[in-house]
Amino acid sequence: MASRSEPFVPAAELPDRLRIVKRWHVGRWLAAAVILALLALIGRAFAQGQIEWAYVLRFFTVPAILSGVANTVVMSVLAMTLGIVLGVLFAIMRMSENPVLRGAALGYVWLFRGTPVILQLLLWFNLALVFPAIGVPGLFEARTVDVMTPFAAALLGLGINQGAYTSEVVRAGLIAVDAGQYEAAQAIGMTRLRSLRRIILPQAMRVILPPIGNEFISMIKLTSLASVIQYSEVLHNAENIYYANSRVIELLIVAGLWYLIIVSILTPFQMLLERRFARGAANKR
Amino acid sequence: MDAPLVSIRDVRKSFGSFHALAGVSLDVAAGEVLCIIGASGSGKTTLLRCINQLVELDSGAIIIDGELIGYRRVQNRLYPLGEKEIARQRLKTGMVFQRFNLFPHMTALENLIEGPVQVLRRDKAQAMREARELLARVGLSGKSDSFPADLSGGQQQRVAIARALAMRPKLLLFDEPTSALDPELVGEVLAVMKELALSGMTMIVVTHELNFAREVANRVVFMDHGLIVEAGRAADVLSSPREARTRAFLAAVLG
């Protein structure tokens, strides 16, 4: 039914040429003005503040910082890899028909999601207080302090904690795959594990990848927590330098810039991976 | 007379308090085409899924090609088979689903060779040759490199039939293969199924396509409330049903 307030205008009564006048977008101009003003104020404050930009530049590429950057990247990649391996494993256990495996996976997620990462890092690093020696009797044995280096403790702490979160992400992806896919895989004689590997996981990847990318970026910054157990990542090394020269803010800016650079470089990889697993998807975006 | 390819004996299955199958017995001979008709909830799809072990029986037995399905029998005891054994038994049957269930991340050709290469460990080049022949047989020779998302429903279902055939099963199960299709696409799928039936494939087809049943099926089974109400030659069951419930169903379907 036609609206009563808008009387029907026959097309014949319209003039031939009608010009559409551009909208003014007052809000956009106003927002731009306010934000530019704020940026100028902040810029001026920092320019006049007690920051020696020369120090930022000088320390940006010193060997201690560069090796810290390398350690940050190495730890992020390794801990995330461990996290993904554990995450897939525990997600599959959680979806298993075996109640013991389900329970174990549930317990793992509960324990490592339920405690702060920094506490887990400290526990791993101080494992020697609980077990002075570790090893398999008769095969090998070592003093825990020699094994549990800052590197090993950071890798275990960050990786195992990440696994608990990743397993939930992977589980969400597995649930998102249509039940008919499991049945079709079974119908051509696949066992559960083979159908997971060949049919279900490749499809689940589409759902899993964006949150995993998110978590990887989190992980890059989370490695900074390992500074408390003496792992020499970029923040730890920056701190060591400013303990010596008191240029606290300058070195924090150096570390901050490096985090931004690492994240900016690694982000496009996520898009590449997402494109790879969009194979066969109706809307390739 | 030869032993039937499929023997179903007093099969029962409940989901909670709902009796999906309340004691079904049925024999299917090699080369026979059997259509199962009935209202939704009558148990026909559950019966199909029991044959393919997508659903476990509560009681009763199914024998396919002389082999008891799902269990190993030692005297009077039945021991449940492991997952690998069940997967091996499933190789005797192929299944075509209502919603096609093609693997969306694989091309049509990859869908066809997945089972032969990954499960049967056949030579990949050989499997690809056979897959191309099968795609040609279902009228899709030009579509080997298409992804399911780029195919129409009718084309997807024909790929799904070819995928089932690629495993060289002795028995094909169809679960309402045309119910999810637009009306104008039903014919192309039924044509492929008819060609298969004429080639001697043993088929159990759950369907609402009564014309297909009349034309192609050797036998028609009408199910209601988890029981077989009436079974017999297609012409008899569909044209002159003996049971009142069959008549009521046919009247409702034919309008």
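Sequence lines set the chain letters: A, B, ... in the order given, protein chains first and strands last, and positions in each chain run from 1. Computed from a predicted model, the values in this text were never measured in an experiment.
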Asker: Where on B:Arg49 is there a heavy atom nearer than 4.5 Å to chain A: the side chain, the backbone, both, or neither?
Answerer: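 Only the side chain of B:Arg49 comes within 4.5 Å of chain A.
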
Asker: Does atom CD of A:Glu97 have more than 12 heavy-atom neighbours, drawn from other residues, nucleotides or ligands, at distances under 6.0 Å?
Answerer: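 Incorrect, the count does not exceed 12.
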
Asker: Can you measure from CD1 (A:Ile200) to CZ (B:Phe103) and round to the nearest 0.5 angstrom?
Answerer: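 Here the rounded value is 8.0 Å.
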
Asker: Please classify the contact of B:Phe97 with chain A as side chain, backbone, both or neither, using a heavy-atom distance under 4.5 Å.
Answerer: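 Side chain only.
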
Asker: With a 4.5 Å cut-off on heavy-atom pairs, point out which of B:Lys84, B:Met95, B:His105 contacts chain A the most.
Answerer: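 The option with the most such pairs is B:His105.
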
Asker: Between A:Leu193 and B:Glu83, is any pair of side-chain heavy atoms under 4.5 Å apart?
Answerer: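 Heavy-atom side-chain distance check fails, nothing below 4.5 Å.
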
Asker: Check step by step if side chain to side chain contact (heavy atoms under 4.5 Å, CB included) holds for A:Arg279 and B:Thr107.
Answerer: CA-CA 9 Å; A:Arg279 198 167 183 255; B:Thr107 63; 4.1 Å; yes

Asker: Are the side chain of A:Arg194 and the backbone of B:Gln118 linked by a donor-acceptor contact shorter than 3.5 Å?
Answerer: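 Yes.
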
Asker: Does any heavy atom of chain A fall under 4.5 Å from the side chain of B:Pro148, the backbone, both, or neither of them?
Answerer: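 Nothing of B:Pro148, per the 4.5 Å heavy-atom cut-off to chain A.
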
Asker: Checking heavy atoms, do the side chain of B:Leu173, its backbone, both or neither come under 4.5 Å from chain A?
Answerer: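 For B:Leu173, no heavy atom lies under 4.5 Å from chain A.
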
Asker: Can you give me the closest heavy-atom contact between A:Thr191 and B:Ala87, atom names plus distance?
Answerer: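 Looking at all heavy atoms of both residues, the closest pair is CG2-CB, 4.2 Å.
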
Asker: Side chain from CB out, backbone as N, CA, C, O: work out which of these in B:Thr93 comes under 4.5 Å of a heavy atom of chain A, or both, or neither.
Answerer: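 Only the backbone of B:Thr93 comes within 4.5 Å of chain A.
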
Asker: Ignoring hydrogens and angles, tell me if any N or O in the side chain of A:Glu183 forms a donor-acceptor pair with the backbone of B:Leu54 under 3.5 Å.
Answerer: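 It does not hold such a pair.
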
Asker: In terms of heavy-atom proximity below 4.5 Å to chain A, should B:Glu110 be classed as side chain, backbone, both, or neither?
Answerer: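 Answer is side chain: those atoms of B:Glu110 sit under 4.5 Å from chain A.
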
Asker: About how many Å separate CG of A:Asp178 and CZ of B:Arg99, when rounded to the nearest 0.5 Å?
Answerer: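 One gets 4.5 Å once the value is rounded to the nearest 0.5 Å.
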
Asker: For atom CZ of A:Phe131, decide whether the heavy atoms of other residues, nucleotides or ligands shown that lie under 6.0 angstrom number more than 12.
Answerer: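 Open: at most 12 neighbouring heavy atoms sit under 6.0 Å from CZ of A:Phe131.
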
Asker: Between B:Asn101 and A:Gln181, is there a donor-acceptor pair closer than 3.5 Å when you use the side chain of the first and the backbone of the second?
Answerer: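 Not at all, since once roles are kept as given, no pair shorter than 3.5 Å links the two residues.
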
Asker: Would you say CD of B:Glu67 has more than 12 non-hydrogen atoms from neighbouring residues, nucleotides or ligands within 6.0 angstrom?
Answerer: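 Enclosed: over 12 neighbouring heavy atoms sit under 6.0 Å from CD of B:Glu67.
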
Asker: Taking it one step at a time, do B:Glu114 and A:Arg198 satisfy salt bridge (Lys or Arg N to Asp or Glu O under 4.0 Å)?
Answerer: CA-CA 9 Å; B:Glu114 180 67 14; A:Arg198 297 283 311 173; 2.7 Å; yes

